[in-house]
2 protein chains.
Amino acid sequence: MDALTINEAAETSGWSPRMLRYIEELGLVEPPRSSGGYRLYGPGELQRLRTLRQLLDRFGLGLGDVGFARRMQTESDLRTTVEGWLRSEAARPEHVPADDWLAWEQDKHERLLAEATRRDTTLRETR
Amino acid sequence: MDALTINEAAETSGWSPRMLRYIEELGLVEPPRSSGGYRLYGPGELQRLRTLRQLLDRFGLGLGDVGFARRMQTESDLRTTVEGWLRSEAARPEHVPADDWLAWEQDKHERLLAEATRRDTTLRETR
DNA sequence: GGAACCTTACCACGGCTTTGTGAAGGTTTG
DNA sequence: CAAACCTTCACAAAGCCGTGGTAAGGTTCC
């Protein structure tokens with residue numbers, strides 16, 4: 001039993017118990033549960049909680065921002081569409097009819113997705 | 001003069017003048033200015049405004065979300081740190097000492113930044 | 001020059017997010 | 001088995017976000 005229950009985890013991580021539950025609700029840190037339903041925070045979860053706090057402080061983010069970043073990683077159509085929109089900031093295509101643009105981006109996304117799926121395998125970043 | 005002033009742009013884009021200023025404040029659509037300081041919305045800006053609305057509606061986002069996505073594209077240290085944190089969600093490195101992880105990510109960032117700076121001669125002074 | 005437009009800078013409000021607290025009840029463990 | 005912990009749920013306060021309005025003043029253009 002080297003796992004901490006929620007109040008212990010709260011003390012060593014700097015978050016309140018309430019916030020630990022909220023963070024779980026956002027899908028940011030989801031500890032496993034005991035057979036009776038208790039949250040069990042292991043070293044990995046505790047570390048993620050501490051670095052999460054540093055991340056937020058250092059860049060002035062909110063939990064919602066990290067949640068959104070997570071959506072961007074998860075929902076590839078979201079990511080490609082948002083990135084497409086941002087890219088149009090610098091070089092915008094005058095020749096694409098206004099109401100077609102989003103549809104066009106989506107088509108592009110589907111092409112990309114089909115391609116990615118076909119070649120499958122991990123798209124993990126190299127580092 | 002094929003550029004619209006803010007009220008005209010508001011009418012054809014569906015945003016209120018107030019929101020157009022707000023959107024500019026978030027760095028999402030920044031029209032050029034006339035010599036007297038009037039915002040001038042060209043076809044490109046108008047298109048971006050319309051697609052922005054579609055983007056928000058389709059994925060249920062807020063303007064703040066898109067602003068954050070933009071920061072992620074702009075600030076490479078933000079991006080790498082957030083992505084690093086998210087990556088630790090699935091496979092967390094038990095072997096990395098807790099307090100070293102963020103520092104490690106930051107070091108990585110500084111290496112990247114140094115590289116970028118070295119090859120970009122026109123950056124303003126850092127302080 | 002004057003009408004009609006634009007600028008920035010505030011204050012304000014309704015709604016959603018964040019966070020706390022308490023109630024009612026189940027789990028762990030000495 | 002009892003003390004101390006945990007669970008979920010709900011209510012509530014504080015704060016932020018999106019949005020409107022208005023005031024004081026500058027720009028455009030007929």
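Naming convention: chains lettered A, B, ... in sequence-line order (proteins, then strands); numbering from 1 in each chain. Note that this is a predicted model, so its numbers are computed, not measured.
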Subject >> Closest-nucleotide ordering on DNA chain C, the 5'-leading residue of A:Leu63 and B:Ile6 >> reply: B:Ile6

Original post:
From D:dG18, C:dG20, D:dT8, pick the nucleotide closest to the side chain of A:Met19?
Top reply: C:dG20

Subject >> d(CG, A:Leu61; C1', C:dT17) in whole Å >> reply: 16 Å

**OP:** For B:Glu24 and C:dA9, give me the distance from atom CD to atom C1', rounded to whole Å.
**Re:** 15 Å

Original post:
When you match A:Arg33 and B:Leu26 each to their closest nucleotide on DNA chain D, which lands nearer the 5' end?
Top reply: A:Arg33

Subject >> Distance, rounded to the nearest Å, where A:Glu8 contributes CD and C:dT29 contributes P >> reply: 10 Å

Original post:
Can any side-chain N or O of A:Arg39 pair as donor or acceptor with the backbone N or O of A:Leu20 at less than 3.5 Å?
Top reply: no

Subject >> Minimum heavy-atom distance A:Gly27-A:Arg70, with the two atoms named >> reply: O-NE, 3.2 Å

Original post:
What's the CG-P distance between B:Leu20 and D:dG21, to the nearest Å?
Top reply: 15 Å

**OP:** Starting at atom CD of B:Glu25, determine the distance to atom P of D:dG18, rounded to an integer number of angstrom.
**Re:** 11 Å

**OP:** Kindly check if the number of other-residue, nucleotide or ligand heavy atoms within 6.0 Å of CD (B:Glu75) is above 12?
**Re:** yes

**OP:** Just compare D:dT7, D:dT28, C:dT28 and give me whichever is closest to any side-chain atom of A:Ser34.
**Re:** C:dT28

**OP:** Group every Ile, Leu, Val, Met, Phe, Trp and Tyr by side-chain heavy-atom contacts under 4.5 Å, then state whether B:Val82 and A:Leu86 land in the same group.
**Re:** yes

Original post:
Would you say D:dT7 has OP1 or OP2 under 4.0 Å from some side-chain N or O of A:Arg21?
Top reply: yes

Original post:
To the side chain of A:Ser35, which of C:dT28, C:dT19, D:dT19 is closest?
Top reply: C:dT28

Original post:
Rounded to the nearest Å, what distance is computed from the CG atom of residue B:Leu28 to the P atom of nucleotide D:dG18?
Top reply: 10 Å

Original post:
Do the side-chain N or O atoms of B:Arg18 get closer than 4.0 angstrom to the phosphate oxygens (OP1, OP2) of C:dT7?
Top reply: no

Subject >> Phosphate OP1/OP2 of D:dT7 contacted by A:Arg39 side-chain N/O (<4.0 Å) >> reply: yes

Original post:
Sub-3.5 Å donor-acceptor pair from the side chain of B:Asp65 to the main-chain atoms of B:Gly62, do we have one?
Top reply: yes

Subject >> Protein-nucleotide distance (A:Leu40, atom CG; C:dT27, atom P), rounded to Å >> reply: 14 Å

Subject >> Any donor-acceptor N/O pair under 3.5 Å between D:dG20 base and B:Tyr22 side chain >> reply: no

Subject >> 5'-most by nearest nucleotide on DNA chain C - A:Trp15 or A:Gly36 >> reply: A:Trp15

Original post:
When the distance from CG of B:Asp65 to P of D:dC16 is rounded to whole Å, what number comes out?
Top reply: 17 Å

Subject >> Comparing A:Tyr38 and B:Gly62 on DNA chain D - which has the more 5′ nearest nucleotide >> reply: A:Tyr38

